[in-house]
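Everything below concerns the one structure shown next.
In what follows, every chain begins at residue 1, and chains take the letters A, B, ... in the order their sequences are listed.
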There are 2 protein chains.
Amino acid sequence: MFTDCSHVASPLRLGGKWTPKIIRCLESGPRRFSELEVPLRGITPKVLTETLRSMERDGLVIRTVHGGIPPRVDYELSTLGRTLLGPMAACCAWSAAHLPDLLDAREAYEGDLAPEPLPKGAATR
Amino acid sequence: MFTDCSHVASPLRLGGKWTPKIIRCLESGPRRFSELEVPLRGITPKVLTETLRSMERDGLVIRTVHGGIPPRVDYELSTLGRTLLGPMAACCAWSAAHLPDLLDAREAYEGDLAPEPLPKGAATR
DNA sequence: CCGTATCCGACGCGATACTG
DNA sequence: CAGTATCGCGTCGGATACGG
């Protein structure tokens with residue numbers, strides 16, 4: 001365990017701004033493109049498309065095109081994508097419990113902007 | 001639960017390239033700057049400093065300067081930082097179990113580079 | 001030993017406009 | 001409805017060199 005943590009950020013892309021929110025939005029079932037745009041307030045169609053495509057590419061999300069007019073496209077978590085719900089729940093629980101502490105620490109850091117310096121004359125001898 | 005996942009990436013900075021690895025390196029106790037540079041192969045001193053400073057700023061890491069020549073600086077996880085070990089273990093366990101699947105999916109995606117297109121003549125009416 | 005100082009390229013993300 | 005096409009900016013991270 002903890003043998004390698006290199007994938008938390010990439011290629012897991014869990015570090016992306018929208019990926020975690022999209023996973024959450026898809027948790028309770030398939031959603032259409034426009035049904036994702038609404039809860040993800042502020043996301044642009046371009047970015048939503050990009051993110052969904054990369055998730056599809058990684059096998060986390062399944063994209064289904066239903067023929068017809070107007071077009072209808074559904075996105076849903078794959079079996080693999082669903083396995084991410086557990087770890088994500090752990091992370092969300094962490095932030096719910098400890099994010100305020102982190103924010104407090106950050107605020108307290110304002111002012112003493114200078115880290116403790118090294119002792120002077122460190123090249124001597 | 002899952003009420004908000006916006007902090008997985010930021011400000012948690014867990015999405016950073018080195019943060020998870022640093023946490024892991026500090027798991028078993030304090031480490032000096034140079035003791036971090038070795039296991040984190042490829043990191044430059046500039047980036048290591050930046051990352052450690054941001055973690056210190058967020059209260060995840062404690063930086064201790066021991067006076068003397070040559071200088072000695074220790075970094076260790078704070079109590080708050082240690083609370084991250086759980087969620088991180090969940091993420092690492094996920095990648096140990098499922099990262100190969102993700103990589104396979106990514107590889108299989110090569111070739112059928114074109115996502116299923118929408119039906120033609122999609123203009124309403 | 002423990003950093004800083006510059007420079008710089010790549011990428012993520014957003015704004016805006018347009019289309020089948 | 002479900003996208004695509006451009007453009008641009010800010011941030012992250014790496015290369016390299018120097019300093020107390």
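At whole-Å resolution of the value, CG in A:D74 and C1' in D:dA2 are 12 Å apart. Going from atom CZ of B:R41 over to atom P of D:dG14 covers 15 Å, rounded to whole Å. Atom C1' of nucleotide C:dG3 and atom CZ of B:R63 are separated by 9 Å, given to the nearest angstrom. As a whole-Å value, the separation of B:E50 CD from C:dA5 C1' is 11 Å. Going from atom CZ of B:R53 over to atom C1' of C:dG3 covers 8 Å, rounded to whole Å. Atoms CG (A:L48) and C1' (C:dG14) sit 13 Å apart, rounded to a whole Å. In this structure, A:K17 places its NZ atom 15 Å from P of D:dG10, rounding to the nearest Å. Per the geometry, OH belonging to A:Y75 stands 8 Å off C1' belonging to D:dA2, to the nearest Å.
Side-chain proximity of B:S34 to the nucleotides C:dC2, D:dC1, C:dG14 is greatest for C:dC2. You'll find that the side chain of A:V47 is closest to C:dG14, out of C:dG20, C:dG14, C:dC1. The listed nucleotides are D:dA2, D:dG20, C:dG3; the one nearest the side chain of B:P71 is D:dG20. Taking the side chain of B:T49 as heavy atoms from C-beta on, and the options D:dG3, C:dC2, C:dT4, the nearest nucleotide is C:dT4. The B:W18 side chain lies nearest to D:dG13 when the options are C:dG3, D:dG13, C:dG20.
Among residue pairs with one or both ends in residues 34-47 of chain A, those qualifying as side chain to side chain donor-acceptor pair (under 3.5 Å) are A:K46-A:E50; sequence neighbours excluded.
For the pair B:P115 and B:Y109, the tightest heavy-atom approach, listed with the atom from each and the gap, is CG-OH, 4.2 Å.
Distances shorter than 4.0 Å separate some side-chain N or O of A:R32 from OP1 or OP2 on D:dA2.
The shortest distance between side-chain heavy atoms of A:L77 and A:L85 falls below 4.5 Å.
Among A:H66, A:R31, A:R63, the one residue that satisfies the side-chain contact (heavy atoms from CB on, under 4.5 Å) test with A:D74 is A:H66.
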Notebook entry, point to check: Would B:R106 and B:D104 count as a salt bridge (Lys or Arg N to Asp or Glu O under 4.0 Å) if you check the C-alpha gap in whole Å, the side-chain angles of each, and the deciding distance to 0.1 Å?
Noted result: CA-CA 5 Å; B:R106 190 175 287 194; B:D104 288 350; over 6 Å; no
Give the C-alpha distance, both sets of side-chain angles, the deciding distance and a yes or no for side chain to side chain contact (heavy atoms under 4.5 Å, CB included) between B:T19 and B:M55. CA-CA 8 Å; B:T19 313; B:M55 293 174 76; 3.9 Å; yes
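The backbone N or O of A:I62 lies less than 3.5 Å from no partner atom in the side chain of A:S78, so there is not a single donor-acceptor pair.
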Listing time: all N or O pairs from protein to nucleotides 15-18 of chain C that are below 3.5 Å?
none

